Amino acid sequence: MIEKRIARRLIAVLTGLQLLDFIDRSILKSLLTPIGKAFDLNDGHLGDLNAAFLIGYMLASPVFAYLGDRTTRKRLLIGGVFLWSAATVAAGFAQSYQQLMAARMLVAVGEASFGVVGPSIIADTLAGERRGRAISIFYSAIPV
């Protein structure tokens, strides 16, 4: 197990990423009206943007769970955060509905890696008596 100072940093970084994960996941909902106007979309198309995210997340999560048990979790987490960040930037620069849809699906894939691997990294690095508190701190970022 690791020393307290390093554990605190790990929890702080993972909790910060969790917060950004849920902000990124939720931000689209607050921007549906301007996105609809910018791309001339109807309500069905706007709903499909959220569905694209959910489908991407649903399909990618089991894959990352499988990989997380067989490869280096740290690399999966870093790769997922990189993909999610790049896809978020791509969504901001999307010039068409199709590009925005593809970017949101890639955001979901990146976030799925973090959502699956993040808690297991905490469980791997902290002893049982500290693990529960660390995971509760990690998940406290969701309602924030």
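Both backbone and side-chain heavy atoms feed into the values below; hydrogens, waters and symmetry mates do not. Start at 1 with the first residue, then count along the sequence. Values in this document were obtained by computation on a predicted structure and should not be read as measured data.
Remark: Arg8 CZ to Leu10 CG distance equals 12.5 Å, nearest 0.5 Å. Here the CZ atom belonging to Arg25 is positioned 8.5 Å from the CG atom belonging to Leu54, to the nearest 0.5 angstrom. For the atom pair CD (Gln95) and CZ (Phe39), the distance works out to 7.0 Å, reported to the nearest 0.5 Å. Distance OG/Ser26 to CG/Asn50: 9.0 Å, rounded to 0.5 Å. Atom-to-atom distance recorded for Asp69:CG and Phe64:CZ is 13.5 Å, nearest 0.5 angstrom. Note that CG of Leu67 is 11.0 Å distant from CZ of Arg73, once rounded to the nearest 0.5 Å.
Between the side chain of Arg104 and the backbone N or O of Phe53 there is no donor-acceptor pair closer than 3.5 Å. A distance-only check finds a donor-acceptor pair linking the side chain of Ser113 to the backbone of Gly110 [under 3.5 Å]. The main-chain N or O of Val117 is found under 3.5 Å from a side-chain atom of Ser120 such that the two form a donor-acceptor pair. In terms of modelled atom types and a separation under 3.5 Å, the side chain of Arg70 and the main chain of Tyr66 share a donor-acceptor contact. With hydrogens and angles disregarded, no donor-acceptor distance shorter than 3.5 Å links the side chain of Thr15 to the backbone of Ala12. The backbone N or O of His45 lies less than 3.5 Å from a partner atom in the side chain of Asn42, making a donor-acceptor pair.
Annotation: side chain of Phe22 is not in contact with side chain of Pro143 (no heavy-atom distance under 4.5 Å). Taking the side chain as every heavy atom from C-beta outward, Leu49 and Tyr97 approach each other to under 4.5 Å. In this structure the side chain of Phe138 never reaches within 4.5 angstrom of the side chain of Ile11, judged on heavy atoms. The closest side-chain heavy-atom distance from Ser85 to Val81 is below 4.5 Å. At a threshold of 4.5 Å between non-hydrogen side-chain atoms, the residues Val116 and Val63 do not count as touching. Within the 4.5 Å cutoff, no side-chain heavy atoms of Tyr57 are placed close to those of Met105.
The closest side-chain donor-acceptor pair between Trp84 and Asp21, if any, does not fall under 3.5 angstrom.
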(Q) Before you tell me yes or no, could you show the steps for Phe82 and Phe114 under ring pair (Phe, Tyr, Trp, His ring centres under 6.0 Å), namely the whole-Å CA-CA distance, both residues' side-chain angles and the distance that decides it to 0.1 Å? (A) CA-CA 10 Å; Phe82 177 78; Phe114 176 74; over 10 Å; no

(Q) Thr72 vs Leu76, test: side-chain contact (heavy atoms from CB on, under 4.5 Å). Steps then yes/no. (A) CA-CA 7 Å; Thr72 307; Leu76 285 175; over 6 Å; no

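Considering all non-hydrogen atoms of both residues, Pro119 and Ile135 come closest at O-CD1, 4.3 Å. Contact record, Ala134 with Leu126: CB-CD1, 3.2 Å, taken as the closest heavy-atom pair. The shortest non-hydrogen separation linking Gly56 to Ala108 is C-CB, 3.8 Å.
No more than 12 heavy-atom neighbours from other residues, nucleotides or ligands sit within 6.0 angstrom of CG on Asp43.
If you chain together hydrophobic residues whose side chains sit under 4.5 Å apart, Val107 and Leu31 never meet in one group.
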